[in-house]
Structure formats: structure tokens, C-alpha cells
Protein chains: 2
Amino acid sequence: MSKKEDILKAATLLFATNGFKDTSMVEVAKMTGAVSATIFYHFKSKEELFLSVLGSVKDGILEEFSHYFGEKKFVNGLEMLEGTVSFYLYLAGNKAEWFLLLHRYYPYKLAKENDTCRHSLEDIYNCFVDIFEKALVQGQADGSIGKLSPRKTALLILSTVDGMVRFKNCNLYDAGALYNELISTIRQMAANKNQKT
Amino acid sequence: MSKKEDILKAATLLFATNGFKDTSMVEVAKMTGAVSATIFYHFKSKEELFLSVLGSVKDGILEEFSHYFGEKKFVNGLEMLEGTVSFYLYLAGNKAEWFLLLHRYYPYKLAKENDTCRHSLEDIYNCFVDIFEKALVQGQADGSIGKLSPRKTALLILSTVDGMVRFKNCNLYDAGALYNELISTIRQMAANKNQKT
DNA sequence: AATAAAACTGACTGATTGATCAGTTTTATT
DNA sequence: AATAAAACTGATCAATCAGTCAGTTTTATT
């Protein structure tokens, strides 16, 4: 691994666990066995380092989901929906630092004035919502999912899993313990045949 | 309003919008027309100021909910559940600074080492979950809600509304636009008569 | 009015930190 | 081996900020 990748990895961990302001360049440097000036050689400022971190997290998430859906095959839309939810929760545990970073407020604040930041965040959340939506649309086509607004329902499901992951990351409640209830609720939503679109 | 209350109000706003580290005592002081030393006369440290802010947010939330349930009467558990969700979303808009503060990571990190902080957060989230749970239990008693685990379902609903509010505060998606879908989903959950407890 | 307590302030300090830069070491190319 | 480019470093700086304290003003009490 190159030094630049080393720095990026250390910075991801530190920004995720301590936040932007509470992470010093000296800290990041020490973790890679370098000196802070080295970081400023690779990244022109602390903010640029953060943007690179967020960009690499975006790439990682997009790649993970693309890999999962490249391998996995689903018998219908409902199973795809459940698979996506499971994979999201698995990823939130397996790549906890990514989701910790996304559950900090700093990226969203920076996004207000920085296009690069905003685009990374948009790519990440669009990836999530689009997959949920695709599963819902497919499910409506194959009959495994009833009438409902795919986009809004996708957002509602994302809100729920995002909230569950946040509660877990904040040490409030355990997301895993709600898994069965979540799946059960999704099936009830899917089974709905009466609602108008 | 006393100077101490003035400081507390200014600090709430600044901690909520800029975070703990990104809020300086000079900033808080300026907002109240005072000098930073004045704040240190009322609060012995920046951390103690933050704990006081969180405590006052806790008091505010508990009082708001107690006031709402003191006035409002519900015909059954399901209506109480829907009312609670609505009030939660209303409060998240009306007292945005409270929820912005609760959607920062700093309080939860501080809670790991500080009992006062942990207790405030516990009080707040227990207030939310307990009310949802109470509505679910009451609904099961009066027949408006089917068989399900009240505690886990309460947590699931809280995850959803918490996620929706976070998305809105982060400028990602509009929570209000999902209101109808949310209520509809809750009714489907409630209508479930087949599930084992 | 006298007195004490409470509230408040200006000036200051030590520590931290993002960033710079001249100079050194390492790597790649011929 | 010679050379150039890339990677890295030690020293340093200006700015920011939490916290202190001696001293002043305001408020309450008698």
C-alpha cells in the first residue's frame, strides 16, 4: 500500500471516530509513521484530506453494492429488497468507520458550500435509495410487492435502517435485535394490495 | 430572562449548529453581549456548559411531551401512536436546535465517560420509546393494534422517525413528504393479526 | 447610607494546531 | 553512475482558544 493510501486509511478511521475538528494532522501522521508535513505534501489542506476520505468511502460503498448485486441473484423483488436491507446492515457492521463518518454532521455541513462533498454524499445516498427503489419496482412487476410509491417507500425503508444503524453506533439500542421486526414490517408493507398508488 | 439562561440559549443554538469543538466560548459570550470570562463565572468549564445545555434540552423535551399528553385525549392506542409520531415530527421542526444537537455525535461520545451526559440521553430516548410502547400496549388492550412485540416495535418506529428527521436536518430528503407513507405503514403494522408474539 | 455578596470584566497565558518552506533522502530513468 | 523528479522531514510560525485572576460594577440587605 502506498503512503497516500496509508494516510487515507488512517484519516478515515480518525475522522470517523473523533470527527473533523477533533482530529489533528499530527495524529493522522503519527498513525502512518510519518510527520505532519508529509500529509501536506500529499493533500494540500485538511479539508482536501477530508474530501478524499469521503470520496474513497463513496467508492468503497458503490463497489461493495455493485459486487453484491453482481454475484447475488434474487427470485423476486421482495427477496431483493430483503437482501438489500440485510446487506446494508451487514456492511454497517463490517465497515463501521464508513457509517460512523456518514453519521457525523460535518460532511452535511460542508456539503452546503462544497460541491465535491455534496456530490459524494449524493452518490452514496442515491446508491442506497436507487437499489431499494429498483427492488420495489421489480417486486411490483413480478407480483411479490403490492401497490405503493416505490420512491417514497424506498426512502422510508432507508430512514429506518439508517436510524437503526445510528442507534447502534451511538450505543443507544442494538440494531441487530430489531432485524426480525424490520423484515416482518417490510413484508407487511409489501403484502399491501388495497392501497392506491 | 437571566444572564445564565441567556448563555444557555445561545450555547444551545451554537452547539447545535456548529458542534462542540467548533463553538468557542467567545462566540457564545458575544451572542449574549457579554465577555467570555462571564461564562466561566456561571459555568466552570466548556464541558459543564454543554452538559447544562443537554440537561435543559432534556427538560424541554420531557415537558413538551408531558404537556401534549396532558391535554390530548385519544380514542384508542392506534390513534395515540399516530398522534405521538405526528407530535415528534412537529417538535423536530419547531425545536430544530434540540434535534440537531441530538443528531451530532459528540453527546454520545461524551456519554461513554460522563454519567450526567449518559443519563440525560437515556432520559430523552426512554421518554420517546416509552410513549410509543405505551401506545402499542394500550392499542393491543383496546383491539386497535394486533399482536407484536411492543418494545421492539416502539424502537423500530423511533428508528424510522429519527432517521427521517436526520435526513431532513442533513438536507438530504424531506421528512414531511414521507408522512403519509409513514402513517400508512404504521397502520399496516398495527392491523397485523396473524403474527406470533 | 453602609456593607456584603453576587455579577461581571479586561488583560493575560499556556497549549494546540493548520500550514509553510528550505533542505534532505529516496526512487526512477537514462 | 549521473541526473532529475518525487517523496519526505525538521524547524518554525501565526492564529485560535479554554481557562485564570485581580479588580470593578451591580444588586440586595440591613
Side-chain angles (χ1 to χ4, degrees), chain A residues 1-56 101 104-107 109-114 116-117, chain B residues 1-56 101 104-114 116-117 120:
Chain A
M1 197 189 296
S2 76
K3 195 97 205 173
K4 198 169 176 178
E5 283 169 325
D6 248 14
I7 294 170
L8 222 45
K9 205 176 164 185
T12 305
L13 203 65
L14 288 170
F15 283 146
T17 53
N18 301 331
F20 181 77
K21 203 76 183 230
D22 260 314
T23 298
S24 77
M25 298 302 258
V26 176
E27 248 182 301
V28 180
K30 266 187 188 152
M31 203 177 240
T32 64
V35 101
S36 73
T38 306
I39 303 185
F40 284 98
Y41 169 76
H42 289 288
F43 305 90
K44 79 168 197 286
S45 68
K46 192 183 180 183
E47 187 174 301
E48 210 210 60
L49 174 60
F50 182 83
L51 292 171
S52 296
V53 164
L54 191 63
S56 77
L101 195 77
R104 293 197 159 269
Y105 189 69
Y106 181 79
K109 203 187 172 194
L110 185 60
K112 289 177 188 173
E113 54 179 44
N114 184 293
T116 311
C117 183
Chain B
M1 197 189 296
S2 76
K3 194 99 204 171
K4 198 169 177 177
E5 282 169 326
D6 248 12
I7 294 170
L8 221 45
K9 205 176 166 185
T12 304
L13 203 65
L14 289 170
F15 282 147
T17 53
N18 300 331
F20 181 78
K21 203 75 184 238
D22 260 313
T23 298
S24 77
M25 298 302 261
V26 175
E27 249 181 300
V28 180
K30 266 187 189 150
M31 203 177 241
T32 64
V35 100
S36 72
T38 306
I39 302 184
F40 285 99
Y41 170 75
H42 289 290
F43 305 90
K44 80 168 197 283
S45 69
K46 192 182 181 185
E47 188 175 302
E48 210 211 59
L49 174 59
F50 181 84
L51 292 172
S52 295
V53 164
L54 190 64
S56 77
L101 195 78
R104 293 197 157 270
Y105 189 68
Y106 181 78
Y108 308 93
K109 204 185 170 195
L110 185 60
K112 288 177 189 173
E113 54 179 45
N114 185 294
T116 311
C117 183
S120 287

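These numbers were taken from a predicted model, which means no experiment stands behind them. Protein chains get the first letters and strands the later ones, always in sequence-line order, with residue 1 at the start of each.
Using a 4.5 Å heavy-atom threshold, the side chains of V28(A) and K46(A) count as separate.
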task = Any chance you could encode DNA chain C as dot-bracket? Rule is Watson-Crick or G-U wobble with both distances under 3.5 Å; [ ] for pairs crossing earlier ones, | for another strand.
result = ||||||||||||||||||||||||||||||
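The interatomic distance linking F43(A) (CZ) with dC8(D) (P) rounds to 11 Å, in whole Å.
With K21(A) contributing its side chain and Y106(A) its backbone, the two residues share no donor-acceptor pair below 3.5 Å. With R104(A) contributing its side chain and T17(A) its backbone, the two residues share a donor-acceptor pair below 3.5 Å. A donor-acceptor pair is defined here as one N or O able to donate and one able to accept, closer than 3.5 Å; such a pair exists between the side chain of T23(A) and the backbone of L14(A).
Among pairs with a residue in residues 8-20 of chain B, none fulfils salt bridge (charged side-chain N to carboxylate O under 4.0 Å, His left out), at least two apart in sequence or across chains.
Atom OG of S52(A) and atom NZ of K4(A) lie 6.5 Å apart (nearest 0.5 Å).
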Detail all sub-3.5 Å separations between protein N/O atoms and N/O atoms belonging to nucleotides 4-7 of chain D.
residue: dA7(D); atom: OP2; partner: Y41(A); partner atom: OH; Å: 2.7

Please write out the pairs of protein N or O atoms and N or O atoms of nucleotides 16-23 of chain D separated by less than 3.5 Å, giving the distance to one decimal.
residue: dA18(D); atom: OP1; partner: T23(B); partner atom: O; Å: 3.3
residue: dA18(D); atom: OP1; partner: K46(B); partner atom: NZ; Å: 2.7
residue: dA18(D); atom: OP2; partner: M25(B); partner atom: N; Å: 2.8
residue: dG19(D); atom: OP2; partner: K46(B); partner atom: N; Å: 2.7

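Partners of E48(A) according to the salt bridge (Lys or Arg N to Asp or Glu O under 4.0 Å) rule, which considers only residues two or more places apart in sequence or in another chain, are K44(A). For the ring pair (Phe, Tyr, Trp, His ring centres under 6.0 Å) test, no residue two or more places apart in sequence or in another chain qualifies with F43(B).
Closest heavy-atom contact between L8(B) and L49(B): CD1-CD1, 4.1 Å. Across F40(B) and S45(B), no two heavy atoms sit closer than the pair CE2-CA, 4.2 Å.
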